[in-house]
Asks: 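Here it is: the structure, laid out below.
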There are 2 protein chains.
Amino acid sequence: MKPKITLKDIARELEVSISTVSKALKNSEEISRDTKEKVQAFAKLYNYKPNNIAISLKNKRTKNIGVVIPAIVHHFFTTVIRGIEKYANAKGYNVIVCLSEESFDREVINMEMLANGSIDGFIMSLSSETQLKGDYNHLKEVTEQGIPLVLVDRVTNEVECDKVIIDDELGAYVATKKLIEQGRKKIALITTDDYLSVSKARTEGYKKALLESKMDIDESRILKLSTMEMDEQGIQDFFKNNDVDAVLCVNEIFTVYSMRLVQNKGLNIPEDISFIGFTDGLLSQYANPSLTVIAQHGEKMGEISAQMLIDKVESEDEEETFQTKILEPTLVVRESTIN
Amino acid sequence: MKPKITLKDIARELEVSISTVSKALKNSEEISRDTKEKVQAFAKLYNYKPNNIAISLKNKRTKNIGVVIPAIVHHFFTTVIRGIEKYANAKGYNVIVCLSEESFDREVINMEMLANGSIDGFIMSLSSETQLKGDYNHLKEVTEQGIPLVLVDRVTNEVECDKVIIDDELGAYVATKKLIEQGRKKIALITTDDYLSVSKARTEGYKKALLESKMDIDESRILKLSTMEMDEQGIQDFFKNNDVDAVLCVNEIFTVYSMRLVQNKGLNIPEDISFIGFTDGLLSQYANPSLTVIAQHGEKMGEISAQMLIDKVESEDEEETFQTKILEPTLVVRESTIN
DNA sequence: TATCAACACGAAACCGTTTTCGATAAATCT
DNA sequence: AGATTTATCGAAAACGGTTTCGTGTTGATA
């Protein structure tokens, strides 16, 4: 066990001052070639690495960014993290991941843990409970303290900050339009409660497409489920009581589970009924039939979030100008719709 | 924008010394009731929170743990992270996640970034490239520096540290045994290269079960694929050239993809051919038919890893005693096998 | 030979805490 | 009254760096 070596150790050993060592290691012009070589050789020999904490304390910058997301087992969020990691790491930043598990309290606790010097900025996606409560004081507090914040995907316009979202309304619109073009007349929507920003937008896109095609909006064809748990019974009841020929679902799981139900009823996909889901994840790729989906480009969203955040963190001037980056979703056609 | 308030600010404002403020906030006996109340009230009013970085520097403990894993889009690893997060957070620790993306270099870089004071300990799962190279010097270095390390799932016995694994050999053995009991005679194994610790163990379990039942080991029924990418062609060729009535796959994706291939050939699952996979993830649950799998209990593994690490971090004594915790996998029977 | 710039280095402040060790005054004891 | 406690607080070191500023020693210049 060889403990870490410090500047002080080198200074003592070489009988110079700490400042000399520090400068020598930075190749400062102030220090003679002789001393620099001596110090650098010694440092290399003993594998000296400056202590990150000390540096953080000195320049009030940690090179850490905090990421608070509702869940990690959802494929979409893992791709977002991956994008963040990728960009952040290339810029020399570490990523501290905290999971709110859709809980308001855990979101608050996690932010407070990180907001006291541990990170230079936040990237976060709101928990569903937070969006339900509509309480964003914990976000406002960090922005008031001057900590940069980027909201991604699940956002709110209650707090002023940078945001990265996809055009969920457009995504649902395009998907619904696609189903209409295929001659579908009874198009269902399986979504989550409206307080989720994304769900609301998608419902609007769905309705917009229907209205544009002079089709009625039948509220009984819209199923709203909880975000917290997978309500299998709810979906079963829905298909028992409704006769539909196409379904748009706001996530992969709803889609795949619904497909199995109708398959067990003896229907053929996509001949008898079409499906389109959100999120282009493993489930969509490997489902049978494979899913036509609205791809959300999570990795791209993560990268952009990280870029916006790090730009803010590293910018000198304190211009209070925020932007919202809206990405366009992509329709990926596979086997669950007639192509 | 209200900047963070420090002890010094409070001291100046209340005309006492910094030490008095510090003690007052800790409810020290040294300080009079009057002063304590005054200080505490002021601190609450201005929402004083101690700076984590300063505290870290002082007591050489960051309350951060570093997690380095090969990938995050694999369901198994996300469950591990979730378990780590859960335990660590309950203990007041933050989790810094780094992705090696199966690359040796990125693994080294990430560890070096974190090893200089940013974290109190590591939890990691080796990248496949690292296992291929067999170079574990970066691990040995951190342990030599006295930084606790816990290896999880993808481990090596080249480095002495705590480890958490599941009994992969047993898992494959149980699965193969199950297939044999069902009367399967031509059981294939689709796995990854042997340099991965888990693949090797699973292959052994598979062989052991076969030998125990006096069945021949036909090496042509063992397909070894790269970990790096999904080799669809390799699987297609395999099923073109082999006649099998049961398949054991080391992950979900191999299983699901293989199932589709044989389904498209007109075979019925599980009547004509059975499938068992590893990892009880979304793909397994929602595949059609749903998968019989060997569950690896990733979340549990994460929790145990975090517990072992934090125990080491917080223990005073430096006993160099390491343990390897071996979890038992569980066979989850679903539709891809005859039950 | 006195002056001055260039060179090479060190002292010390600083980042925000914690903690040890006095120090002062009042209170208690002999 | 003098000695000793006790209560209350502050100075300062420490954690491990960075950075400003000062200082002593050269050598060159006038």
Asks: Expressed in angstrom and rounded to an integer, what is the separation of B:Arg61 atom CZ from D:dA14 atom C1'?
Replies: 18 Å
Asks: Measure the distance from CD on B:Glu29 to C1' on D:dT8 and round it to the nearest whole Å.
Replies: 12 Å
Asks: Salt bridge check, A:Glu101 against B:Lys86: does any charged N sit closer than 4.0 Å to a carboxylate O?
Replies: no
Asks: Got a donor-acceptor pair under 3.5 Å from the side chain of A:Lys4 to the base of D:dG16?
Replies: no
Asks: Could you give the NZ-to-P distance, from A:Lys58 to D:dT18, as a whole number of Å?
Replies: 9 Å
Asks: Looking at every non-hydrogen atom in both residues, tell me the closest pair between A:Asp153 and A:Ser197 and how far apart they are.
Replies: O-OG, 4.0 Å
Asks: With A:Glu13, which residues qualify under salt bridge (charged side-chain N to carboxylate O under 4.0 Å, His left out), at least two apart?
Replies: none
Asks: In whole Å, what is the span from the CD atom of A:Glu30 to the P atom of D:dG22?
Replies: 13 Å
Asks: Return the residues of residues 114-122 of chain A meeting this criterion: a heavy atom under 4.0 Å from some atom of DNA chain D. Order them by number, or give none.
Replies: none
Asks: With a non-hydrogen cut-off below 4.0 angstrom, is A:Ser22 in contact with a base, only sugar-phosphate, or nothing?
Replies: base
Asks: Expressed as a whole number of angstroms, how long is the span from A:Leu57:CG to D:dG16:P?
Replies: 12 Å
Asks: Give a yes or no on whether a salt bridge exists between A:Glu141 and B:Lys2, defined as a side-chain N under 4.0 angstrom from a carboxylate O.
Replies: no
Asks: Reading DNA chain C in the 5' to 3' direction, which nucleotide is the first one with an atom under 4.0 Å from a heavy atom of chain A, and which is the last?
Replies: C:dA8 to C:dG16
Asks: Before accepting this row, confirm whether a basic side-chain N of the pair B:Glu29/B:Lys23 lies closer than 4.0 Å to the acidic partner's carboxylate O.
Replies: no
Asks: Rounded to the nearest angstrom, tell me the gap between atom NZ in A:Lys23 and atom P in D:dT18.
Replies: 12 Å
Asks: In this structure, how many angstroms lie between the P atom of D:dG16 and the CD1 atom of A:Ile55, rounded?
Replies: 13 Å
Asks: Stepwise, does the side-chain hydrogen bond (donor to acceptor under 3.5 Å, both in side chains) test hold for A:Glu107 with A:Thr130?
Replies: CA-CA 8 Å; A:Glu107 194 174 288; A:Thr130 303; 3.1 Å; yes
Asks: Taking the side chain of B:Ser19 as its heavy atoms from C-beta onward, which of D:dT19, D:dA11, D:dC9 lies nearest to it?
Replies: D:dA11
Asks: For DNA chain D, which residues of residues 7-17 of chain A approach it to below 4.0 angstrom with any heavy atom?
Replies: A:Leu7, A:Lys8
Asks: Kindly calculate the angle separating the two end axes of the helix from C:dT1-D:dA30 to C:dT30-D:dA1, each obtained from five base pairs, and round it to 10 degrees.
Replies: 80°
Asks: From A:Tyr93 OH over to A:Ile119 CD1, what is the distance, rounded to the nearest 0.5 angstrom?
Replies: 11.0 Å
Asks: Scan residues 32-49 of chain A against DNA chain C and write down, sorted by residue number, each residue with any heavy atom closer than 4.0 Å; if none is found, say none.
Replies: A:Ser32, A:Thr35
